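Atoms within a ligand are numbered from 1 in the order they appear, just like the ligands themselves. Predicted, not measured: the structure shown is a model, and the values here were computed from it.
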Amino acid sequence: MNRMTQANKKGWDGLAATHYKNYHIDKLLAGTPLLNELIQKEVGDVKGKSLVHLLCHIGTDTLSWALLGAKVTGIDISSESLKYARKLAAQMGIGAEFIEADVMEAAQIVQDKYDIAFSSTGVLCWLPDIQRYAQTVRHLLRDDGFFYIFDGHPFRSVFLDEAGESNTQAIHGNYFRKEVWQYDNMGDYTDADLKIPVNSYEWNWTMGEIITAFCEAGMRIVFLHEFPQYFYNGYTPYDVQNEKVELYPCTFSLKARAK
Ligand SMILES: C[S@@+](CC[C@H](N)C(=O)[O-])C[C@H]1O[C@@H](n2cnc3c(N)ncnc32)[C@H](O)[C@@H]1O
């Protein structure tokens, strides 16, 4: 495993317990899927479909798909996150499978094929190799399957200064940045005071690199949608803030067919 990914894993292990506390687990346990309506609409009916969720964290989205009828598998590098994902699945009485793996190595570990591969909210910045991610997605899909991702739009990197601080009042960042972002801790979007004392690393992928990676993996792009809203307000991925419409793309969704 890449040494930077290893460091990120420690950070995510450190955040898992707080997310189990701060995500809307009570709602999920009461049987309400936490996925926003746009994602549900764009992915469509999942009843009876097999779905693999890449970078599934504590499994809240994974198990939301199970509530909507899918047979689900989650993949994540963080053993602590998967501990909570398995606990949640048991509490909900759902027979989900959770696999601990670096997604960069998942093609060597997972040989099952799925109808749907899914990733959402806070994904691509953790990946050191976008081409390998696209090839992994293709590897996991049946020939008639599809991939769907909903994530922060790469355009937002123009608001990041050299220290990685976000300031949307001015463009001072480099959209084409190739250097890895290195931080001396792992911050948390659900608790501003929580900082896990490990180095963390993030990568920058342009929209062109993202789309091209899936095309080169042999997949067919069905749509690329760009949205002027964040869809979440930086507390948990489930706190919707649709009313704030910006003049630039904040979020994107992409659907690609395996063939
Ligand atoms: C922001 S969370 C995923 C978003 C999810 N929608 C959520 O908030 O519940 C990022 C997840 O990616 C996982 N992750 C980061 N790098 C990874 C890698 N190389 N392979 C697999 N999982 C990885 C982390 O462990 C973490 O659980």
Novice: Looking at ligand 1, would A101 count as a contact under a 4.0 Å heavy-atom criterion?
Specialist: yes
Novice: Any idea which atoms of ligand 1 are less than 4.0 Å away from a heavy-atom of T5?
Specialist: 19 (N)
Novice: Near S78, which atoms of ligand 1 are under 4.0 Å from a heavy atom of that residue?
Specialist: 25 (O)
Novice: So, R257 and D143, do they make that salt bridge, N to O below 4.0 Å?
Specialist: no
Novice: Exactly one of E100, H19, H57, R86 should register a side chain to side chain donor-acceptor pair (under 3.5 Å) with S81. Which one does?
Specialist: H57
Novice: Can you name the residues that form a side chain to side chain contact (heavy atoms under 4.5 Å, CB included) with K10, not counting sequence neighbours?
Specialist: V198
Novice: With respect to W12, determine whether any N or O atom, backbone or side chain, lies less than 3.5 Å from an N or O atom of ligand 1.
Specialist: no
Novice: Quick check on D76 - does any of its heavy atoms sit under 4.0 Å from an atom of ligand 1?
Specialist: yes
Novice: So does R177 pair up with E202, basic N to acidic O under 4.0 Å?
Specialist: no
Novice: Looking at non-hydrogen atoms alone, which of I77, I58, T60 comes nearest to atom 21 (C) of ligand 1?
Specialist: I77
Novice: Could you work out, for atom 12 (O) of ligand 1, the closest of L35, L15, N2, L55 by heavy-atom distance?
Specialist: L55
Novice: Quick one: which of F214, W205, W126 gives a side chain to side chain contact (heavy atoms under 4.5 Å, CB included) with Y133?
Specialist: F214
Novice: Please determine whether a side-chain nitrogen of the Lys or Arg among D144 and K259 lies less than 4.0 Å from a carboxylate oxygen of the Asp or Glu.
Specialist: no
Novice: Regarding K255 and the six-membered ring of F147, is the cationic atom NZ or CZ under 6.0 Å from the ring centre and inside 45° of its axis?
Specialist: no
Novice: Mark yes when over 12 heavy atoms from residues, nucleotides or ligands other than K178 sit less than 6.0 Å from its NZ; otherwise mark no.
Specialist: yes
Novice: Please confirm whether M104 comes within less than 3.5 Å of ligand 1 when only nitrogen or oxygen atoms on both sides are compared.
Specialist: no
Novice: Going by the atom numbers of ligand 1, which of them fall below 4.0 Å from some non-hydrogen atom of D102?
Specialist: 18 (C), 19 (N), 20 (N)
Novice: Could you list the atoms of ligand 1 found under 4.0 angstrom from a heavy atom of S120?
Specialist: 4 (C), 5 (C), 6 (N)
Novice: Output the list of atoms in ligand 1 that are nearer than 4.0 Å to some heavy atom of D61, sorted by atom number.
Specialist: 6 (N)
